[in-house]
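Inspection log for the structure reproduced underneath, given as structure tokens.
This structure is a prediction, so every number in the text was calculated from the model and none was measured. Note that ligands are numbered from 1 as they come in the structure, with each ligand's atoms numbered from 1 the same way.
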Amino acid sequence: MTDTAIPTTISLIVIGILYLLAVGVIMRRRGLREWDAGLLALYGVISALWTLLLAFSRLGWLAMLGDDASAMALLYGLPFLSLLFFHLSRAFLRLEGPDQIWWGLGVVWIAAVIVLNENLLALPDRMWVGPGWIFQRQSLPFWVLVVGWGLFMGGATIVTARVYRRTQQPLHRNRIKYWSLSLALNVVGAGFFFAGHETLGSGFQFLSILSATYAVVTYRQADVRQIGRRTVSYLVITLLTVAVYTAGFVATQNIFQSVPGYSPVLAGVSMALVLAVLFDPLLRLVQRLVTRLMSGTQYDPARTLREYSANISNILDLERLAKVAVGLVSEAMGSRGGALFVVHYEEGTDKHGENGSGVRGGCFRLQDVTREQNEMFQGVLAAESPVARYLQREHRPLTQYDIDLLPRFQSNSPEERTWLTSLDMDVYVPIYAQGEWIGLLALGRKVSGDRYFEEDLTFLSTLADQTAVALENARLFEDLKNRNDENERLNEELTAANDELARLDQAKSNFIDIASHELRTPLTQIRGYNEILCEMIRDATVDAETGAQMTRGVLKGVRRLEEIVDLMFDVSQIDTETMVLNASYTPVATVVGMAVDSWTGALQERGQTVKVDGLEDLPPLWADGNRLNQVFSHLIQNAIKYTPDGGHIRITGRVLDVEMPPQDRTVEIVVADNGIGIAPDDLGRIFEKFYRAGDVLTHSTGRTKFKGAGPGLGLTIARGIVEAHGGRIWAESSGHDEQMRPGSQFHVVLPVRPQCLKSGGLEAFIAAVRVEDDSVKMTI
Ligand code: ADP
């Protein structure tokens, strides 16, 4: 062994041992559970073995393995390490995707090297003979190795660069910078190996693994930018010091030398004193200048805090407070924006954990008050989630980087993770009032690309403390406002309910008035006839004719009673939506004809005429014929009642929406009279229950007498039936005038084939449609 070989071998052994130490550090700090730490430890062990092998082979200790074996071990060490480094990069950058492909490729590549090295393909020794050069088969494996190594290291470089470009967060970027450094050192080290400088190669390789270990085992790596800034500051200050010192020295030499009593020692001491006094402030000044020049931001904490407190202390509106607070903090920090969340705790039901321990099922609801009520800006954190626990208890800001990387936050639910990532914030600063977590100030990345340094985080905590009182006040004010709004709303509801109650009370009074009035008349009639009949029987003066007349009178009263009770029953069915409609094909002309016929006697009695027009041309309706009959019967009865003797009633019909397919059309039937008409105010109200235009008790009671009042239920029932068929009914009149008799028109619009029949008729309709589909075919 030559003299130079001894120090080389010793350095290789030392480097090998250092590798093992690095592995120890990795295992202690991170263990082998995590994929990147495990791979790195493996990488370290293989590097250590490889370096020691190099050293041992130099010492000749591997001679017994044969020259070939040691050379091969060294030959394959490098490619295997590059393959490992590639995977290590993927694991470090947390790249997902099919890893096996890359492993497979690596294995194929190493196999190719073995095949070529062993010459299993029996290639000739001289592969290419060019003019002046010969390519030997023996050098082929070496070049394949170099190319493969280049491919894997190139791959590692590409993925690192790609992830770096994609990553915006400064802390993540910083972490990747350390990886890039490790990658660069690795490439340089391998370059030295290929060039035959094993010690230098090993040294660089070791530095590479050192940088990788630092990146993997530490979560908070020193900031590369800041190191750069500090280095520049120190360089500048050193140069300045040298310059000042030199200038001072020259000055004392030239100027003070002539001063009597000049002592070089004294001059030197005073110079050193001046420099010592100036050094610190000068260094700080230069550092500040460099920071400002390199990152563009620099805030004065005391001033910012003063301005911040002054600006936010009087704001009571939550949204304005949030906007002002976020605006001021973002401006001071030079961040790209932020948000202020109000935090509400919601009690959950207590559940029992798997091991029987009690788990609080509560959650924190976070609402961003700087933005409109938007789903995206609302988040829910389970009370037991690590992030919520941290923010609730630690009283310290939390960075997104920590959430992404620290093992304690790894158990956070994917939903919470996704929500937090979607906010695109860099740092979260909790706000507390009386020890309770009430708000969260979130800030985006700094425009300068810098991270939030420790002093920034401390300052943000102070700002958050300042925000607490204002936020609590605004929150209370907001609560008060909400409660006020709620009170107002309840008040309005109460007023509406009161109005409704008054209306119902009025309806009830009307009902009692009308019911007593309506029922008393036939009852009096029945009692009167009955008394006369009894008297006549007692006096034995009753003859057959008078007896029959009396019983007819009683019967008439009973019928009227029945009629009124039926009306009330119908109304109650409509009210409770229990009216059953039995739908079938119903020709309108038939229904209206039957309704007219039932009033022939009354019409004759009153000398009134009815003219029916255009009903024959209407398509049949899918409807309950009996109920429709009831509708038109009411309308004709009203027309008779509210038209003086000798009046005219006209019933017309037409098809609406003729452009629609036949089954989607509607028909309109109008019952018009030339009677006393209806006042505009009453047009809508006559359809209400018990409503009768004019004084309820001044009407004379009668079924068809002029202005003979009924119980005020006829139109209510008519509307109920029409609407149950999916139709509409309304009245038109130019006014109420008993002299001029402007007349009234009642419009009934009904669908030819209703989509559904209300009031319990739907089932009947569906059943009927089924029957129709099976046998009867509708022809319109
Ligand atoms: P009533 O049993 O009193 O007739 P309705 O519900 O049928 O009850 O009618 C309510 C009110 O509508 C009637 O009291 C009357 O004032 C008014 N009215 C109804 N039809 C006509 C009409 N054809 N002309 C004028 N007024 C009418």
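Atom numbering of ligand 1 starts at 1 in the shown order; those under 4.0 Å from a heavy atom of Lys641 are 1 (P), 2 (O), 4 (O). Taking a cut-off of under 4.0 Å to the non-hydrogen atoms of Gly714, the atoms of ligand 1 that pass are 5 (P), 6 (O), 7 (O).
Within the 4.5 Å cutoff, no side-chain heavy atoms of His725 are placed close to those of Leu621. Annotation: side chain of Val748 is in contact with side chain of Phe632 (closest heavy-atom distance under 4.5 Å). Residues Thr643 and Gln608 form a side-chain contact, since some pair of their non-hydrogen atoms from C-beta on lies under 4.5 Å apart. Counting only heavy atoms from C-beta outward, the side chains of Arg559 and Lys556 never approach each other to under 4.5 Å.
Residue-level proximity to ligand 1 for Leu715 is carried by backbone and side chain together, each with a heavy atom below 4.0 angstrom. Heavy atoms of Asp673 found under 4.0 angstrom from ligand 1 belong exclusively to the side chain. At a heavy-atom distance under 4.0 Å, no atom of His634 approaches ligand 1.
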Can Thr666 and Asp657 be said to form a side chain to side chain donor-acceptor pair (under 3.5 Å), step by step?
CA-CA 7 Å; Thr666 48; Asp657 343 303; 2.8 Å; yes
Test Arg627 against Gln630 for side chain to side chain donor-acceptor pair (under 3.5 Å), laying out the working first.
CA-CA 5 Å; Arg627 288 294 183 187; Gln630 214 179 331; 2.8 Å; yes
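In this view, His747 and Glu668, Glu732 satisfy the side chain to side chain donor-acceptor pair (under 3.5 Å) rule, not counting sequence neighbours.
Considering backbone and side-chain N/O of Thr716, none are found under 3.5 Å from N/O of ligand 1.
Counting only non-hydrogen atoms, the option in Ile686, Ile640, Val671, Leu683 that gets closest to atom 11 (C) of ligand 1 is Ile686.
Within the structure, the closest approach of Phe687 to ligand 1 does not fall below 4.0 Å when heavy atoms are considered. Look at Gly712 and you'll find a heavy atom under 4.0 Å from some atom of ligand 1. Heavy-atom separations between Gln637 and ligand 1 are all 4.0 Å or longer.
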